[in-house]
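Only one structure is covered here, and it is reproduced in the block below.
Computed from a predicted model, the values in this text were never measured in an experiment. Read the numbers this way: they start at 1 and go in the same order the structure lists the ligands and their atoms.
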Amino acid sequence: MNIRADIPSSSPTLPPELRAWLGKERHLLIDGKWVPARSGKTFEVTDPATGEVIAKVAEGDKADVDLAVKAARRAFESGPWSKMSPSARGRLLHKIGDLILEHADELAALEAIDNGKPKNVAKAADVTLSADMFHYMSGWATKIEGKSIPISALAAPGSDFFSVTRPEPIGVVGQIIPWNFPLLMAAWKLAPALTTGCTVVLKIAEETPLSALRLGELLLEAGLPDGVVNIIAGFGETAGAALAGHPDVNKVAFTGSTEVGKLIVKAASHDLKRVSLELGGKSPNIILPDADLSLAIPGANAAIFFNHGQCCNAGSRLFVHRSIFDKVVDGIAAEASKIKLGHGLSEGTEMGPLVSSVQYERVNGYIAAGRDEGAKEIVCGGDVPNGKGYFVAPRILTDVNPSMKVVREEIFGPVLVATPFDEIDDALIAEANNSVYGLAAGVWGKDTGRAQQVAHKLRAGTVWVNCYHVFDAALPFGGYKQSGWGREMGQAVLSNYLETKAITTRLGSN
Ligand code: NAP
Ligand code: MG
């Protein structure tokens with residue numbers, strides 16, 4: 001088989017160990033072993049900055065999912081995992097967090113060549129937050145407690161009852177993740193499931209399988225027993241659908257588009273599997289007239305353009321008080337024009353390409369639709385690297401109205417729509433809430449009391465006041481409305497992976 005061990009000449013160089021790792025066909029993790037797909041099929045992984053093939057990965061489908069679920073079931077019911085103490089489980093999770101930090105450089109480089117994001121950003125954000133998630137969740141392993149509950153039920157004369165709740169792991173969990181934060185999405189899913197004692201089959205995104213496969217190696221290095229985490233690379237319609245509908249999977253945890261989220265619900269409904277969903281967004285970011293613009297302008301810039309706009313929580317609908325509208329839009333355009341586009345491994349790159357040709361076409365399609373519908377387009381910078389990379393310069397669209405496609409739909413690219421408002425009133429709140437989504441929002445204003453009042457009225461799972469994109473393993477994150485079901489992170493995520501059992505005992509009979 002002819003596998004490219006070299007990185008295309010147009011890409012900056014990679015460390016030799018990573019080059020060697022990429023030169024070997026990457027396999028699926030099933031029952032503690034790296035195995036090719038049963039079908040023998042592979043798919044190619046590309047560097048979106050160059051369009052060139054950088055690795056070959058086994059393409060898992062239903063047959064592999066079946067084996068993985070079998071391994072996860074055995075590990076859940078009878079393997080060493082089922083007997084491991086909470087404290088030992090916690091230590092293991094902590095060790096995984098440590099290993100992620102030890103391999104930060106390598107994991108960040110994989111994100112850069114696979115997803116396209118700048119390596120330094122991947123290291124500071126994706127890798128750090130992934131390690132944080134394992135470290136934070138490691139502490140919960142020993143703190144998953146039930147309650148003793150006084151009850152009033154009638155007992156036989158002379159006896160009473162003792163009732164307790166016992167949270168128990170839900171069982172075998174199928175997890176499906178997207179490509180925008182490949183390592184971090186794996187960490188957000190795996191860490192809480194493992195803390196609670198579940199076992200997992202993780203379906204990673206076909207566009208970006210590399211960092212999660214490397215994480216799989218680190219899980220084994222940390223000493224995770226065979227079958228506790230199984231990792232399937234492959235496509236949504238085959239591997240993903242097989243996992244979402246698998247009769248021996250107790251719960252499906254999905255992150256991705258709202259459209260596919262609805263398919264997951266359908267697939268899981270025939271046997272009423274538990275489902276949690278982290279879906280899309282079209283988040284409002286509101287700049288009040290008294291906002292400190294030295295914070296709000298760079299803040300609004302980062303809110304939309306961080307990760308090239310490929311964030312479910314991107315602040316993609318900007319509302320600015322009319323008195324400062326031009327100043328803010330010009331300010332964001334000036335900030336965005338300074339963003340240096342380039343290969344994720346190149347020195348000084350601040351924004352990479354979009355993840356794939358599909359996303360490139362999709363985002364450019366939205367920009368064209370905005371123009372066709374009469375929006376005014378401000379192209380920021382425009383200094384896009386030559387070659388085959390899927391680079392898109394940041395855009396701001398003004399003169400927009402709520403019925404436009406670019407205002408209603410999630411673009412998932414570096415495109416901001418900006419609208420002025422006149423009063424901080426119900427009409428502003430209604431417009432900010434005028435979306436099928438409800439994932440996140442931002443409010444900027446020096447009068448934090450007033451900003452809080454606005455925050456309370458926004459129908460979103462996260463609201464940032466005078467900041468944006470502040471994530472922490474301890475904070476719950478998730479959506480209202482069609483942005484999802486359930487929460488990731490914080491104590492709240494534990495309920496995604498636990499069932500509550502009530503045990504009532506009759507005490508004596510005299
Ligand atoms: P997507 O198309 O929904 O894909 C997400 C995952 O689902 C991928 O692994 C995909 O496989 C798989 N999939 C596709 N069709 C499937 C099916 N019929 N059954 C089971 N699995 C299936 O989303 P995406 O384009 O990769 O990611 C972008 C979306 O994710 C955006 O809408 C964004 O807002 C959302 N997102 C949300 C959060 C959050 O926390 N709320 C975080 C990140 C992203 P493939 O490998 O074939 O693609
Ligand atoms: Mg890729």
Which segment of Ala244 sits under 4.0 Å of ligand 1 when only heavy atoms are counted: neither
More than 12 heavy atoms of other residues, nucleotides or ligands under 6.0 Å from CZ of Arg38: yes or no? no
Flag: protein heavy atom within less than 4.0 Å of atom 4 (O) of ligand 1: no
Nearest neighbour in protein (non-hydrogen) for atom 35 (C) of ligand 1: Gly256 O, 3.1 Å
Side chains of Lys262 and Gln482 only: does a donor on one sit below 3.5 Å from an acceptor on the other? yes
Determine whether the side chains of Ser276 and Lys251 contain a donor N or O and an acceptor N or O closer than 3.5 Å. yes
In terms of relative ring orientation, are His94 and His135 parallel, tilted or perpendicular, with 30° and 60° separating the classes? tilted
Report the nearest protein non-hydrogen atom to atom 13 (N) of ligand 1: residue, atom name, distance rounded to 0.1 Å. Gly236 CA, 3.3 Å
Nearest option to atom 25 (O) of ligand 1, as decided by whichever heavy atom of Phe235, Phe43, Tyr437, Trp179 sits closest: Trp179
Identify the protein heavy atom lying closest to atom 11 (O) of ligand 1, giving its residue, its atom name and the separation to 0.1 Å. Lys203 NZ, 2.9 Å
Shortest protein contact, atom 20 (C) of ligand 1 (heavy atom only): Gly240 C, 3.2 Å
So, Trp188 versus Phe477, ring centres under 6.0 angstrom or not? yes
Less than 6.0 Å separating the ring centroids of Tyr468 and Phe306? no
Glu206 versus ligand 1: do any nitrogen or oxygen atoms come within less than 3.5 Å of each other? yes
Please state whether Glu207 comes within less than 4.0 angstrom of ligand 1, counting heavy atoms only. yes
What about Ile177: any of its N or O atoms under 3.5 Å from an N or O on ligand 1? yes
Testing the 3.5 Å rule here: is there a donor-acceptor pair between the side chains of Arg73 and Asn250? yes
Does Glu410 reach ligand 1 with a nitrogen or oxygen that is under 3.5 Å from one of the ligand's nitrogen or oxygen atoms? yes
Of the non-hydrogen atoms in Cys311 and His469, which two are nearest, and what is the gap between them? SG-CE1, 4.0 Å
Heavy-atom distances under 4.0 Å are what count here, so tell me which part of Leu279 touches ligand 1: side chain, backbone, both or neither. backbone
Candidate list Glu278, Gln175, Glu488, test side-chain hydrogen bond (donor to acceptor under 3.5 Å, both in side chains), partner Lys189, passing option: Glu488
Among non-hydrogen protein atoms, atom 18 (N) of ligand 1 lies closest to Leu263 CD1, 3.7 Å
Enumerate the atoms of ligand 1 whose separation from the nearest heavy atom of Asn180 is less than 4.0 angstrom. 43 (C), 44 (C)
Can you confirm whether the side chains of Asn285 and Trp444 place a donor and an acceptor under 3.5 Å from each other? yes
Looking at Asp31 and Arg74, does any basic side-chain N land under 4.0 Å from a carboxylate oxygen? yes
Is the ring centre of Trp485 less than 6.0 Å from the ring centre of Phe254? no
For Pro178, atoms of ligand 1 separated by under 4.0 Å from a heavy atom: 26 (O), 27 (O), 43 (C), 44 (C)
Nearest non-hydrogen protein atom to atom 1 (P) of ligand 1, with distance, is Ser257 OG, 3.6 Å
Measure the distances from the heavy atoms of Cys311 to every atom of ligand 1 and state whether one is below 4.0 angstrom. no
Report, in ascending order of atom number, the atoms of ligand 1 lying under 4.0 Å from any heavy atom of Ala205. 9 (O), 46 (O)
Heavy-atom contacts under 4.0 Å between Thr258 and ligand 1: side chain, backbone, both, or neither? neither
Does only the side chain of Glu488 get under 4.0 Å from ligand 1, or the backbone, or both, or neither? Count heavy atoms. neither
With backbone taken as N, CA, C and O and side chain as the heavy atoms from C-beta onward, which portion of Ile176 lies under 4.0 Å from ligand 1: side chain, backbone, both, or neither? side chain
Over 60° means perpendicular and under 30° means parallel, so tell me whether Trp179 and Phe412 are parallel, tilted or perpendicular. perpendicular
List the closest protein heavy-atom neighbour of atom 36 (N) of ligand 1: residue, atom name, distance to the nearest 0.1 Å. Cys312 CB, 3.4 Å
Protein contact to atom 15 (N) of ligand 1 [nearest heavy atom, distance to 0.1 Å]: Val260 CG1, 3.6 Å
Logged contact type for Phe181 with ligand 1, heavy-atom cut-off 4.0 Å, is neither
For a quick check under 3.5 Å, do Asn180 and His308 share a side-chain donor-acceptor pair by atom type? no
Should Phe477 be listed as contacting ligand 1, given a heavy-atom distance under 4.0 Å as the test? yes
